[in-house]
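Throughout, residue positions are numbered sequentially from 1 according to the sequence presented. Excluded from the calculations below are hydrogen atoms, water molecules and symmetry mates; all remaining heavy atoms, backbone and side chain alike, are included. Just so you know, ligand 1 is whichever comes first in the structure, and atom 1 is the first atom listed for that ligand.
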Amino acid sequence: MHIRPRDETSSTLQQRLFLERLKQYYQSLSLSIVAVLLNTVIIAWGLWTPDNSRTIFVWFGVTIVVSVYRLSTIFRYRHQSDEERERFASRWYVEMLAGAGLSGLIWGSAGYLLFDLSDVGNQALLAFVIAGMCAGSIVSLSAFVEAAASFLALSLLPFFVRLLVEWTTETNLMAAMVLLYLIMMIAFARRVNITVVDGLEMTYLRSEAEQTIERQALYDELTGLPNRRLLQDRLSQAIARCRRQNSQAALMFLDLDFFKRVNDTLGHSAGDQMLIEVARRMKSLLREEDTAARLGGDEFIALLTDIRGDMEHAVSAIRRRGEELRVAIEQPMDLSGTEVHITVSIGVSLLPADSDNIDDLLKHADTAMYRAKDDGRNTLRFFVADMQKALLRRMEVEKKLRVALDGGQGLQLVLQPQYTDDDKICGAECLLRWECDGEFVSPATFIPVAEDCGLIYRLGDWVIDEACRIGALICAEHDPGAFSLACNVSPRQFRQKDFSDKVLTAIDEHNLPRGLIELELTESLLIDDVDDSVEKMHRLRERGLRFSIDDFGTGYSSLSYLKSLPLDTLKIDQSFVRDVLTDPGDASIVKAIISMAITLDLEVIAEGVETREVHDFLVQAGCPRFQGYLYSKPLPVEEFRALLRTATAHTTARQTLA
Ligand code: C2E
Ligand code: CA
Ligand code: CA
């Protein structure tokens, strides 16, 4: 084949064009065979004389055989599929050349053998027929200039030679005319060929472009999965099918957990690879009639259709298949040599049980997916109507919290004092309060919302600043000594790149002494990205910040990571403290934490201490610090300062008396 690819795209284009050209040739071939046969009959009949009857007979016979062979090529070509035509392209090319050559030879031999100098009518007839065939060949062989040129040469050159052999002025002139005609015809053939091939190329490129446009409009470019538009189409088909066949379908909303981190740490191309791999795993698990789609980012949809049986069976089948998807995605992935793990949160809405409206189904599945995230991620949740209400409440909280932050209104920090075992105040925890529409909203409600919508950055900055301001007020009246002011830090806030800078700037601005501010972090936050945590903590600790683990015991508590982190304090979670007297399990956990802290040379404090009995138990177990309603509720700043003043006065009085 004469195709020499320069690069892959141009090579596929050339290959496609070549196949198109072959197709065009075989499509027009039958017409040229009919012309050959008609002209053969005319010639045989017109030139027949008793003298040349044998030659004409043989020539006629050969023409018929060649035509039958060429007809057979048409027949065989038509009965092949596109793939076979592509596979045998070079053979079809050779047969095309052979057909054109043989046909050229037929007319060449006619010009050589049947040309009778003595008969002018005979000469004219032959010249007309051959000229006509040559002109026709330019059209029928237009897709291949080399075939047209060989046809022309093979049919005209013998005629030319025959004329030269005679060597009279007349025949020599005719020979010159034939040669000129040949040259002109080849030149025409080239022109026509260029036009035809250009035309084919244009048509091909246009159809390619149309297909690409359609693909881009309906499919996701990265993963090749249907996009939102095509999904909506499939969803409306699924809705119609459910109605018709009385069956059910499930819409699963899949959102990768912490996908952003993959992009941030491994780069966007690794992120892309991961999305492609997730798409591949989804496709391999879904059946032919189901749809895997990508909505954008790390959001995927699995639409499972044709689910039969009663609700209970349907739900358990859907749960099983959702679990299969979840587990498949959870398997380690190899991203250019790095083994990476990702998990997925899945929300499911049911068709028609939850709704038979496309937008609602998507919204419900999305809501259920958020519930799956809230419930610790890497899990599957079905939509239940209450979720919708919860979602609306959440949106309301977000809106109002934004207004509060913009105007700096309604937010305040309250301080809950912390005590030593000899009842001295040794510190306080800053707790956020938000007064919204005349009511106090619990931080347990609005902190998770702020985390989700990103408001936690501004909120967190505000808390740190405010705590430093309060810290400065306290230091102005009291010797900070061993006093510490604890601040809660939420995971997203801590993960910010410039978290440390912001904290240090706030501390410097208020000129706070070393060791005053203690940051309360949670276990899950720390182990989420141990390297980043260790680095940030070391940097802050060098500048005199202290760290405690909040709600200790509820997380992953492993000695090995405790040792690797620069910690100062463990804060025993109030759920253990509350039940130490009634639950032997909690009692042992509390004792274990205290002895672990002593072994690791860490401070330990119990929070949620509400009764004297619990306090006594903790003292017995060796706990040196306490926080809880037994001592005091969280207090507004002024009240806390007043409390601190009286406490200091008492101590001074006692010391003076002593
Ligand atoms: P936490 O850090 O575990 O805070 C302790 C919670 O227990 C506080 O609830 C406190 O008022 C309450 N508490 C204190 N003593 C007792 C007691 O003796 N018995 C009982 N039953 N509860 C007691 P609060 O203030 O509602 O805070 C809830 C959670 O909100 C906090 O839990 C903390 O995770 C979060 N939070 C509070 N303020 C902030 C903040 O400024 N930033 C961040 N990121 N989170 C905050
Ligand atoms: Ca806390
Ligand atoms: Ca706590």
Strictly below 4.0 Å, N to O, side chains only: are D366 and R371 in salt-bridge contact? no

What are the atoms of ligand 1, with element, lying closer than 4.0 Å to any heavy atom of G628? 15 (N), 18 (O)

Atom 3 (O) of ligand 1 has as its nearest protein heavy atom D551 OD1, 3.3 Å

Side chain or backbone of Q416 under 4.0 Å from ligand 1, or both, or neither, by non-hydrogen atoms? side chain

Geometric class of the Y631/Y419 ring pair [parallel <30°, tilted 30-60°, perpendicular >60°]: parallel

I'd like to know if D508 pairs up with R543 as an ion pair, taking the criterion as any Lys NZ or Arg NE/NH1/NH2 lying under 4.0 Å from an Asp or Glu carboxylate oxygen. yes

Would you call the rings of F483 and F640 parallel, tilted or perpendicular, where under 30° means parallel and over 60° means perpendicular? tilted

Rounded distance (nearest 0.5 Å) linking atom CG of L411 with atom CG of L459: 6.0 Å

Where's the contact between P634 and ligand 1, heavy-atom distance under 4.0 Å: side chain, backbone, both or neither? side chain

For atom 16 (C) of ligand 1, what's the nearest protein heavy-atom neighbour? Residue, atom name and distance, please. Y629 CE2, 3.3 Å

For Q574, is at least one N or O under 3.5 Å away from an N or O on ligand 1? yes

Tell me which protein heavy atom sits closest to atom 38 (N) of ligand 1, plus the residue, atom name and distance to 0.1 Å. L432 N, 3.1 Å

Could you tell me if the side chain of L567 sits less than 4.5 Å from the side chain of T569, heavy atoms only? no

Within the structure, does at least one protein heavy atom fall under 4.0 Å of atom 21 (N) of ligand 1? yes

Check R546 against S484 and note the closest heavy-atom contact, atom names and distance. NE-CB, 4.3 Å

the protein heavy atom lying closest to atom 40 (C) of ligand 1 turns out to be N488 CB, 3.8 Å

Tell me the closest heavy-atom pair linking D359 and Q232, and the distance in Å. OD1-NE2, 4.4 Å

Protein heavy-atom partner closest to atom 28 (C) of ligand 1 - residue, atom, separation in Å: P443 CG, 3.9 Å

About how many Å separate CD1 of I276 and CG of L225, when rounded to the nearest 0.5 Å? 10.0 Å

When rounded to the nearest 0.5 Å, the distance separating CD1 of I464 from SG of C487 is 4.5 Å

So that I can check it, does any N, O or S atom in D550 come closer than 3.0 Å to the Ca ion (ligand 2)? yes

Do Q493 and ligand 1 have an N or O pair less than 3.5 Å apart? no

Atom CD1 of I346 and atom CZ of F300: how far apart are they, to the nearest 0.5 Å? 12.0 Å

Just which atoms of ligand 1 are under 4.0 Å from any heavy atom in E607? 3 (O), 5 (C)

Nearest non-hydrogen protein atom, atom 19 (N) of ligand 1: E610 OE2, 2.5 Å

Over all heavy atoms of both residues, which pair between I329 and M282 is shortest? Give the atoms and the distance, please. CD1-CG, 4.4 Å

L431 heavy atoms, cut-off 4.0 Å: which ligand 1 atoms fall inside? 4 (O), 8 (C), 10 (C), 11 (O), 25 (O), 37 (C), 38 (N)

Tell me whether E429 has at least one N, O or S atom under 3.0 Å from the Ca ion (ligand 2). yes

Give a yes or no on whether the backbone of G297 and the side-chain of R294 come within a donor-acceptor separation of less than 3.5 Å. yes

What do you think, any protein heavy atom under 4.0 angstrom from atom 9 (O) of ligand 1? no

Just which atoms of ligand 1 are under 4.0 Å from any heavy atom in V463? 41 (O)

Mind checking whether D550 contacts ligand 1 via backbone (N, CA, C, O), side chain (CB onward), both or neither, at a 4.0 Å heavy-atom cut-off? side chain

Just let me know how K633 lines up against ligand 1, side chain, backbone, both or neither, with a heavy-atom cut-off below 4.0 Å. neither

Can you list the steps and then say if E330 with R326 is a salt bridge (Lys or Arg N to Asp or Glu O under 4.0 Å)? CA-CA 6 Å; E330 195 184 33; R326 189 188 65 72; 3.5 Å; yes

Compute both the distance and the angle, then confirm whether K633 meets the cation-pi test with Y629: under 6.0 Å from the six-membered ring centre, within 45 degrees of the axis. yes

Examine ligand 1 and decide if any of its atoms is less than 4.0 Å from a heavy atom belonging to E429. yes

Atom of E607 closest to the Ca ion (ligand 3), considering N, O or S atoms: OE2

Under 3.0 Å from the Ca ion (ligand 3), is there any N, O or S atom belonging to D551? yes

Considering both backbone and side-chain atoms of I447, is one of its nitrogen or oxygen atoms within less than 3.5 Å of a nitrogen or oxygen in ligand 1? no

Heavy atom of protein inside 4.0 Å of atom 32 (O) of ligand 1, strictly below: no

For the Ca ion (ligand 3), does an N/O/S atom of E520 lie at less than 3.0 Å? no

